[in-house]
Amino acid sequence: MRGTALAAAVLAALAASCGTNSKPEPDLSASGAGAPDSAGAIPYPDDACAPSTGEKVRDAFATLQATLNDSCAKDCGYFLGRVNKELQELDRAMKNDPKGPGHFPEPIQKMTELNKTLGGDTSFENLNKHKKQLVATRDFINTWMQDHPDDYR
């Protein structure tokens with residue numbers, strides 16, 4: 001009984017910490033929708049509760065697929081930041097997959113190319129500058145994964 005209560009308390013604490021955002025939301029009204037905040041960071045969901053590096057490929061792929069119908073039309077900063085975040089998480093999941101990174105050679109190569117181009121700069125300006133490659137990498141990996149359904153089902 002005590003173990004169950006402890007587990008419930010831990011889960012409740014985690015849910016509360018993921019349900020609240022300790023960082024203030026950026027005010028995009030002054031700088032225009034889709035613009036980065038004053039620090040140059042791209043506003044996208046609170047990454048305090050981002051999946052750990054132990055995320056499974058199928059889960060990371062599902063969240064990447066959720067970006068397929070999005071575009072820069074509404075909020076370009078959010079869109080580009082989210083696509084980059086989802087790609088990075090999928091890349092980590094593929095590299096940590098029990099099948100080994102050799103099981104995902106083409107997607108990992110595309111991510112290596114993208115990361116080299118981005119040079120660690122995830123500012124809105126840099127992501128926007130490389131928007132075509134960012135979206136092309138997402139689309140390539142989506143197509144590759146569709147041809148490998150055993151990796152995401």
Side-chain angles (χ1 to χ4, degrees), residues 2-23 25-26 34 36-37 40-124 126-153:
R2 289 179 72 179
T4 304
L6 178 60
V10 169
L11 288 174
L14 284 173
S17 69
C18 286
T20 60
N21 188 351
S22 60
K23 296 183 281 188
E25 289 296 319
D37 67 12
I42 296 178
Y44 52 87
D46 182 12
D47 56 356
C49 294
S52 69
T53 57
E55 183 176 27
K56 292 182 179 182
V57 170
R58 69 178 160 83
D59 297 335
F61 180 56
T63 58
L64 178 67
Q65 282 188 302
T67 70
L68 291 175
N69 293 324
D70 293 340
S71 70
C72 274
K74 287 186 178 180
D75 187 340
C76 200
Y78 174 84
F79 169 70
L80 295 176
R82 180 164 181 219
V83 169
N84 184 57
K85 176 181 178 283
E86 301 304 343
L87 282 170
Q88 299 302 328
E89 290 176 358
L90 181 56
D91 185 48
R92 281 192 301 273
M94 288 177 170
K95 288 175 179 173
N96 292 319
D97 190 82
K99 295 175 188 173
H103 187 72
F104 305 97
E106 293 91 351
I108 289 174
Q109 177 60 38
K110 285 290 187 184
M111 284 303 303
T112 299
E113 293 168 9
L114 175 65
N115 287 334
K116 183 176 181 181
T117 298
L118 295 177
D121 181 357
T122 60
S123 67
F124 172 74
N126 196 48
L127 292 178
N128 195 41
K129 178 180 174 182
H130 301 292
K131 174 173 45 176
K132 186 175 180 178
Q133 184 180 3
L134 184 68
V135 172
T137 300
R138 177 202 63 186
D139 294 346
F140 172 86
I141 292 174
N142 178 61
T143 301
W144 191 93
M145 289 294 291
Q146 294 295 333
D147 290 337
H148 299 82
D150 58 309
D151 291 319
Y152 67 89
R153 288 192 180 160

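All heavy atoms count here, side chains included; hydrogens, waters and symmetry mates do not. Nothing here was measured: the structure is a model prediction, and the numbers come from that model.
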Rounded at 0.5 Å granularity, tell me how far CD in Q88 sits from CG in L64.
11.0 Å
Applying salt bridge (charged side-chain N to carboxylate O under 4.0 Å, His left out), can you list everything that pairs with K129, at least two apart in sequence or on another chain?
none
Do L118 and N84 have side-chain heavy atoms sitting under 4.5 Å apart?
yes
Apply the side-chain contact (heavy atoms from CB on, under 4.5 Å) test between V57 and each candidate in M145, R92, K99, H148; give the one that qualifies.
M145
Could you grab the distance from atom CD1 of I108 to atom CH2 of W144, nearest 0.5 Å is fine?
8.5 Å
Contacts of type side-chain hydrogen bond (donor to acceptor under 3.5 Å, both in side chains), residue D139, not counting sequence neighbours:
none
Interatomic distance, CG@L90 vs CG@D97, rounded to 0.5 Å, equals 10.0 Å
Does the side chain of L134 come within less than 4.5 Å of L87's, by heavy atoms?
yes
Where P107 and F140 come nearest, the two heavy atoms and their spacing:
N-CE2, 4.2 Å
Atom of G102, atom of P105 and distance for their closest heavy-atom approach
O-CD, 3.2 Å
Who passes side chain to side chain contact (heavy atoms under 4.5 Å, CB included) against D59, sequence neighbours left out?
E55, K56
Between L68 and R138, is there a side-chain heavy-atom distance shorter than 4.5 Å?
yes
T63: which residues meet the side-chain hydrogen bond (donor to acceptor under 3.5 Å, both in side chains) condition with it, sequence neighbours left out?
E86
Those residues at least two apart in sequence (or on a different chain) that pass salt bridge (charged side-chain N to carboxylate O under 4.0 Å, His left out) with D70 are R82
Heavy-atom side-chain proximity of I141 to M111 below 4.5 angstrom:
yes
Q146 vs F61 side-chain heavy atoms within contact, under 4.5 Å
yes
D121: which residues meet the side-chain hydrogen bond (donor to acceptor under 3.5 Å, both in side chains) condition with it, sequence neighbours left out?
S123
Salt bridge flag under 4.0 Å for residues E106 and K110
no
